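Shown next, in structure tokens, is the structure this report addresses.
Small disclaimer: the values here were computed from a predicted structure and weren't measured. Order of the sequence lines fixes the chain letters, A, B, ..., with proteins taken first and strands second; residue numbering starts at 1 for each chain.
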2 protein chains.
Amino acid sequence: MSQSCAPPASLSTRLSAIDAVALADRLKALADPVRLQLVSYILDQESGEACTCELAPLVELSEPTVSHHLKKLEANGLVSKERRGMNVYYRVVPQAIGEITAALNAACC
Amino acid sequence: MSQSCAPPASLSTRLSAIDAVALADRLKALADPVRLQLVSYILDQESGEACTCELAPLVELSEPTVSHHLKKLEANGLVSKERRGMNVYYRVVPQAIGEITAALNAACC
DNA sequence: ACAGGTATTTGACAGATGTCTAATACCTCG
DNA sequence: CGAGGTATTAGACATCTGTCAAATACCTGT
């Protein structure tokens with residue numbers, strides 16, 4: 001018998017290849033335990049912000065490593081930074097998470 | 001001047017370290033363009049299911065590679081599989097995406 | 001039982017990722 | 001300006017991830 005498997009399929013109407021890469025990039029920015037804890041902790045603060053030197057002991061990693069994680073979050077629009085004096089304060093960008101979950105639901109629900 | 005930086009911080013009340021790892025794992029399962037397209041395509045089907053041999057040409061990857069991605073999705077509860085005859089059919093687990101976005105919102109909103 | 005189609009596992013490999021230390025940059029206060 | 005605290009960058013390294021080809025397993029019809 002010859003092969004009987006499915007005919008050549010067309011891509012989903014929900015999600016183009018380009019959109020898939022863009023959404024995957026944003027999800028990757030969140031898909032790390034350290035970064036989730038950083039975001040979560042910043043949101044917990046009264047002020048809505050936290051500086052690097054406060055975050056490093058929190059997650060028990062070196063400051064350069066935390067700086068690296070914050071950079072990745074910032075590059076994907078999840079946090080913003082502001083220098084005030086010696087410190088750099090990070091805030092969670094409002095709606096950033098909401099936009100990601102909305103895009104995910106559009107693609108996968 | 002002595003150091004003036006933040007006092008020892010306590011972890012977020014929103015997200016324990018263990019929960020952060022668990023959520024990160026599920027997000028990682030979704031945070032790949034190929035896997036997003038697979039899920040999206042399966043949901044697009046009338047039948048709600050698709051087999052490996054149909055998915056491989058769709059994303060232009062080899063069957064072993066697609067099988068690997070499907071395994072990762074299954075391991076994280078995002079899809080289920082069922083063998084029927086020669087083929088294995090994959091379905092998206094209902095609410096799986098919703099649970100992830102809910103956990104994410106709980107941690108980060 | 002065997003032939004042929006479908007699926008997964010295994011093993012190998014390149015590239016991405018997370019972490020650290022050391023070096024550099026940034027900022028404030030004597 | 002110089003000392004000292006804070007932050008980031010650069011470079012190195014181990015691990016994880018995505019991919020493929022080859023081998024194996026699974027299933028059906030003859």
**Message:** Could you work out, with salt bridge (charged side-chain N to carboxylate O under 4.0 Å, His left out) as the rule, every residue matching A/Arg14, not counting sequence neighbours?
**Reply:**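 Once residues adjacent in sequence are excluded, the partners of A/Arg14 under the salt bridge (charged side-chain N to carboxylate O under 4.0 Å, His left out) criterion are B/Asp44.
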Counting just side-chain N and O atoms, does [X] come under 4.0 Å of either OP1 or OP2 of [N]?
{"X": "A/Asn87", "N": "C/dC27", "answer": "no"}
{"X": "B/Thr65", "N": "D/dG18", "answer": "no"}
{"X": "B/Arg84", "N": "D/dC27", "answer": "no"}
{"X": "B/Ser62", "N": "D/dC20", "answer": "yes"}

Would you kindly give the [atom1]-to-[atom2] distance between [X] and [N], to the nearest whole Å?
{"X": "A/Glu54", "N": "D/dG5", "atom1": "CD", "atom2": "C1'", "value": "16 Å"}
{"X": "A/Lys28", "N": "D/dG18", "atom1": "NZ", "atom2": "P", "value": "7 Å"}
{"X": "B/Leu27", "N": "D/dT17", "atom1": "CG", "atom2": "C1'", "value": "17 Å"}
{"X": "A/Arg83", "N": "C/dC26", "atom1": "CZ", "atom2": "P", "value": "8 Å"}
{"X": "A/Asp25", "N": "D/dG18", "atom1": "CG", "atom2": "C1'", "value": "15 Å"}
{"X": "B/Leu55", "N": "C/dT8", "atom1": "CG", "atom2": "C1'", "value": "15 Å"}
{"X": "A/Glu63", "N": "D/dT8", "atom1": "CD", "atom2": "P", "value": "9 Å"}
{"X": "A/Gln37", "N": "C/dG18", "atom1": "CD", "atom2": "P", "value": "14 Å"}

**Message:** Does B/Tyr90 reach a base, just sugar-phosphate, or nothing at all? Heavy atoms under 4.0 Å.
**Reply:**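 Result for B/Tyr90 = sugar-phosphate.
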**Prompt:** How is A/Thr52 classified with respect to the nucleic acid when contacts are heavy atoms under 4.0 Å: base, sugar-phosphate, or nothing?
**Reply:**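 Contact class for A/Thr52: sugar-phosphate only.
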**Request:** When you get a sec, tell me which of C/dT6, D/dA7, D/dG18 is the closest nucleotide to the side chain of B/Arg35?
**Result:**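 Among C/dT6, D/dA7, D/dG18, the one nearest the side chain of B/Arg35 is D/dG18.
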**Request:** Can you figure out which of C/dT19, C/dT6, C/dC27 approaches the side chain of B/Met86 most closely?
**Result:**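 Nearest to the side-chain atoms of B/Met86, counting from C-beta on, is C/dT6.
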**Asked** Which sits closer to the 5' end of DNA chain D, A/Pro64 or B/Asp32, going by the nucleotide each is nearest to?
**Response**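 Here A/Pro64 is the residue nearer the 5' end.
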**Prompt:** Under 4.0 Å between a Lys/Arg side-chain N and an Asp/Glu carboxylate O for B/Glu74 and B/Lys72?
**Reply:** no
**Asked** Could A/Lys81 and A/Glu49 be called an ion pair, given the rule that one side-chain N must be under 4.0 Å from one carboxylate O?
**Response**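 Not counted as a salt bridge, because no side-chain N and carboxylate O are separated by less than 4.0 Å.
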**Prompt:** Would A/Arg84 count as a cation-pi partner of A/Tyr89, with NZ or CZ less than 6.0 Å from the six-membered ring centre and within 45° of the ring normal?
**Reply:**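 The answer is yes; both the distance and angle limits are met.
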**Request:** Using the test disulfide (SG to SG under 2.5 Å), find all partners of B/Cys51 that sit at least two apart in sequence or belong to another chain.
**Result:**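 With neighbours one apart ignored, the set is empty.
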**Item:** Straight-line distance of A/Leu23 CG to A/Ile100 CD1, nearest 0.5 Å
**Value:**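 Here the rounded value is 8.0 Å.
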**Prompt:** Once you round to the nearest 0.5 Å, how far does CG of B/Leu15 lie from CG of B/Leu104?
**Reply:** 9.5 Å
**Item:** For DNA chain C, the residues among residues 67-81 of chain A that have a non-hydrogen atom under 4.0 Å from it
**Value:** A/His68, A/His69, A/Lys72
